[in-house]
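Since the structure comes first, as structure tokens, the remarks are kept for the end.
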Amino acid sequence: MMKRFCSALLLGTILASSCQQGAKNTSENTTQTEPHAFDTTIDGKEVKLYHIGNENVQVAVTNYGARLVRLLVKNKEGKSTDVILGYDQAAAFKEHADNFYGAVVGRYGNRIGDATFKLNGETYNLEKNDGKNSLHGGTNGVYNKVWTVENQSDSAITLAYISPDGEAGYPGEVKMKVTYSVGKDGDLEIDYHADTNKETVLNLTSHAYFNLNGEGDSTILDHVLQINADQVTEVNETLIPTGKQLPVAGTAFDFRKPKTIGADIEQQDRQLELGKGYDHNFVLNKAAGLQEVASVYAPKTGIEMKILTTEPGLQFYSGNFMDANGPRGKQGKAYPFRAAICLETQHFPDGPNQPSFPSTVLKPGETYTSKTIYRFAVKS
């Protein structure tokens with residue numbers, strides 16, 4: 001029987017730490033997300049809010065889009081800080097689904113050029129939701145579906161979704177699962193598994209928007225970022241890869257040594273101009289298996305997040321399309337231009353149309369697996 005993580009002690013801790021007072025510094029920025037605000041129905045299916053956590057990491061998840069709603073970690077003062085953007089009600093996530101806050105995106109995370117690809121000589125036409133391109137699976141992506149909670153403990157939750165053959169234009173019935181689990185060392189681990197009854201393409205990732213100063217803080221330009229990548233994939237005017245990989249050395253894209261995100265973001269660079277900042281896939285320097293590939297640190301709160309993944313690419317998005325006049329977030333806070341970053345571990349954008357990129361083909365009898373860990377600590 002599924003177990004709702006609502007022991008009196010932990011629930012009390014979560015609610016006590018989630019009361020933010022506007023006069024306080026955003027290093028104390030935690031938010032109160034009432035479970036009843038997620039007790040609703042979307043597309044005829046029951047939606048709820050679930051909690052997992054321990055003394056170092058507390059996570060709230062909704063089964064609408066299998067999305068992260070809240071992620072509380074300790075700052076340098078020992079206070080809980082919510083480091084991901086989002087909303088306080090399931091209805092707001094649904095209304096603004098194209099923001100992708102906290103969701104698992106797919107079937108294909110990132111863009112597919114001209115919303116089409118060929119597989120075994122057959123052309124598949126996808127939903128266009130990014131100009132002429134398809135982004136994060138189209139309007140019927142898995143981020144916009146109600147998942148089923150298969151099991152839950154105090155430290156982990158597994159959600160499942162069956163995407164029918166032809167959904168959003170993709171071939172094959174795909175049975176997918178995502179498991180969120182927390183570790184005692186400050187880890188949030190995300191594990192993906194899937195299989196198909198027909199050859200298809202698949203590229204799942206988490207679209208969490210991070211601000212380690214606390215969600216609602218006005219900028220991430222002060223965050224110190226390091227990415228272990230010698231190259232990025234060049235993009236065209238619609239942010240679709242050209243197939244060429246550009247060296248980062250001597251450019252604004254060189255994060256091989258830690259530097260603030262704002263250090264070079266206004267540099268005269270054609271790729272920055274096209275993305276209105278960073279919105280690019282970094283080609284990670286890694287072999288097969290789980291490895292540390294990046295880290296980000298916020299001096300203001302002392303929070304450091306290390307990223308470990310099995311994936312070959314990392315999409316770094318610097319919040320270039322965010323707008324203070326856009327939909328209000330938690331507790332009615334504005335989320336202005338460059339108030340968050342996304343660091344999405346994944347295969348490369350437009351992979352199905354780029355033969356030189358790592359394959360995203362999934363065949364019957366194979367199992368799709370992917371693992372990413374976001375590891376939090378306080379850096380002295």
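The first residue in the sequence is number 1, and the count goes up from there.
- Counting non-hydrogen atoms of neighbouring residues, nucleotides and ligands closer than 6.0 angstrom, the NZ atom of K259 exceeds 12 such neighbours.
- In the model, D222 has a side-chain atom that pairs as donor or acceptor with a side-chain atom of N213 under 3.5 Å.
- The cationic atom of K48 (NZ for Lys, CZ for Arg) does not lie both less than 6.0 Å from the six-membered ring centre of F38 and within 45° of the ring axis.
- Rounding to the nearest 0.5 Å gives a distance of 4.5 Å between CG of L71 and CZ of F376.
- A 6.0 Å sphere centred on NZ of K306 holds no more than 12 heavy atoms belonging to other residues, nucleotides or ligands.
- Ring pair H280/F253 is perpendicular by interplanar angle, where above 60° counts as perpendicular and below 30° as parallel.
- Proximity of a side-chain donor or acceptor of T148 to a complementary backbone N or O of E150 within less than 3.5 Å is not detected.
- Salt bridge status for E237 with R270: present, with a side-chain N to carboxylate O gap under 4.0 Å.
- With hydrogens and angles ignored, the 3.5 Å screen pairs no side-chain donor or acceptor of N125 with any backbone N or O of T116.
- With respect to D82 and R70, no salt bridge is recorded, no charged nitrogen being found less than 4.0 Å from a carboxylate O.
- At least one donor-acceptor pair under 3.5 Å links the side chain of Q152 to the backbone N or O of H51.
- Without hydrogens or angle criteria, D187 side chain to E189 main chain gives no donor-acceptor distance under 3.5 Å.
- D114 contributes atom CG, which lies 8.0 Å from atom CG of N353 (distance to the nearest 0.5 angstrom).
- Between D43 and K45 there is no salt bridge, since none of the side-chain N atoms of the basic residue sits less than 4.0 Å from a carboxylate O of the acidic one.
- Residues R111 and D279 are paired through a salt bridge, judged by an N-O separation under 4.0 Å between the basic side chain and the carboxylate.
- Salt bridge E366/K363: absent, no basic N to carboxylate O contact under 4.0 Å.
- With respect to the salt-bridge test (charged N to carboxylate O, under 4.0 angstrom), the residues D191 and K371 qualify.
- With hydrogens and angles ignored, the 3.5 Å screen pairs a side-chain donor or acceptor of N75 with a backbone N or O of G78.
- Of the possible donor and acceptor atoms, none in the side chain of Q245 sits under 3.5 Å from a partner among the backbone N and O of V232.
- In this pair, F100 and Y143 present their aromatic rings perpendicular. The plane angle is above 60°, beyond the 30 to 60° band.
- The closest donor-acceptor contact from the side chain of Q271 to the backbone of V235 lies under 3.5 Å.
- Side chains of Y87 and N99: a donor on one and an acceptor on the other come within 3.5 Å.
- In terms of hydrophobic clustering, with Ile, Leu, Val, Met, Phe, Trp and Tyr side chains grouped at heavy-atom distances under 4.5 Å, I52 and Y50 are assigned to a common cluster.
- A salt bridge is defined here as a Lys NZ or Arg NE, NH1 or NH2 lying under 4.0 Å from an Asp or Glu carboxylate O, and E199 with K118 fails to meet this definition.
- Under the 4.5 Å side-chain heavy-atom criterion for ILVMFWY residues, a single connected hydrophobic cluster contains both V361 and Y108.
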